[in-house]
Amino acid sequence: MFGTSGVRGPVGEEVTATLAVSIGRAVATAGADRVVVGRDARESGEFLAAAAAAGVREAGADVIDLGLASTPAVARSVAWRDADAGIMITASHNPPEDNGIKLWTPSGQAFDADRRAEIESIIAEDGYSLAAWDESGGEETWGGAVDRHAEALADAVDVARPLEVVVDVGNGVGQVTARALAELGCSVTTLNGQPDGAFPGRPSEPTEETLEALCAHMEATGADLGVAHDGDADRMVAVDETGTFVPKDVLLALFARGEVAEGTTVAAPVDTSLCVDDAIAPAGASVVRTKVGDVYVAEEAAKPETVFGGEPSGAWIWPDETLCPDGPLAACKLAALVGTDGALSKQVASIETYPLRRASIEVDGKGAVMERVAAAVTDRYDEVETIDGVRAETDTGWILIRASGTQPLIRVTAEARERADADDLFAEAKALVAGAR
Ligand code: MG
């Protein structure tokens, strides 16, 4: 039922009020006494949040209703309101017909595999402990999550000079970004600022293709920085002052370079570009690779030596603030970098990027094929990691061979500092898959 992003799917099919009640009951049955509940702007969010809250109260725990709020505001509110868990009703960047439910701990981390399994088994076994008639939980409304988030952002960041920033909220719930940047002295223009779960302005996932209007606006106005969020604002991507979309690996490298010192580490998934390693190596810092998914990046980011965690999907984690990817915080951090270090396009140019090759190969029985691939890769290369798929590092670059989660495909990636080396590694990796079919 739960993936690493919680439950997500079409409303009225996978995602129903019944499911929300069950999850609410299970969260309280698993031990939470106080639960914050928030939602994004999707129309179904109202009844799903009410259903989740009803389940929590029925199982004897108290609910703090946050109303409309971003995922980072809900995740951070768990600790701010001294609660034990958070329930966020969102389908993130999915289309309007979907919704979903994601669960949060006081550290700002999503429920890990063990806690998700516990919730699933309570639901599967109908193992709820419902409260006696006079012991059901109470409910209070707290409209302060967005204010508190804005304060936290203004406290965490300084912007050294007044910038012009364009914020594309994408009709989601990330309006706090505009407010925090204004408080930090920036002049802010907002695009698609009205929360609307039908996402009339643009598709909710912020990509180079969906951000045409923001790119055009940046090109026309020459504002210093453009930022955009997905529907629940745990993600942030950027456009520079020339109207060019900033590649997400490069954004990861810029954020990482801004945080590291000698001996520190940065957490990033196995498919992260070498440009991040090379950007932080001069400072004496290194990248620790994780499974793909911001939940795994957050787990690594919880370690004391980790100063930043990034997922090239646009999820950025500053563990001193919260272990939840916080899109508005990322927007403010990027404004701080531009304020201090100058034009974003120049900063982007200062990150050296390398040729990358990708292919998807159709296979039957991808599990067995991957086992043979892993054995062959381990035989052939010295530095091999099998955290997620199989990744080998050489003097010139790296390869990653990974099975698709949902399709009968094996994905092959190769990156090297020189073009010819990237071609060689790519050919080797494809040959290894061919040999294992
Ligand atoms: Mg999201």
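One-based numbering, in listed order, for ligands and for the atoms of each.
- Summarising the geometry, atom CG belonging to Leu334 is positioned 9.5 Å from atom CG belonging to Leu163; distances are rounded to the nearest 0.5 Å.
- Annotation: side-chain hydrogen bond (donor to acceptor under 3.5 Å, both in side chains) contacts of Arg402 (sequence neighbours excluded): Asp388.
- Protein atoms of type N, O or S found under 2.8 Å from the Mg ion (ligand 1) total 4.
- For the salt bridge (Lys or Arg N to Asp or Glu O under 4.0 Å) condition, the pairs that include at least one residue of residues 325-335, sequence neighbours left out, are Arg76-Asp326, Glu259-Lys333.
- The side chain to side chain contact (heavy atoms under 4.5 Å, CB included) test applied to Glu118 returns Ala30, Ile122, not counting sequence neighbours.
- Under 3.5 Å, the side chains of Asp240 and Ser345 contain no donor-acceptor pair of N or O atoms.
- The pair Arg289-Asp277 meets the salt-bridge criterion, since a charged nitrogen lies less than 4.0 angstrom from a carboxylate oxygen.
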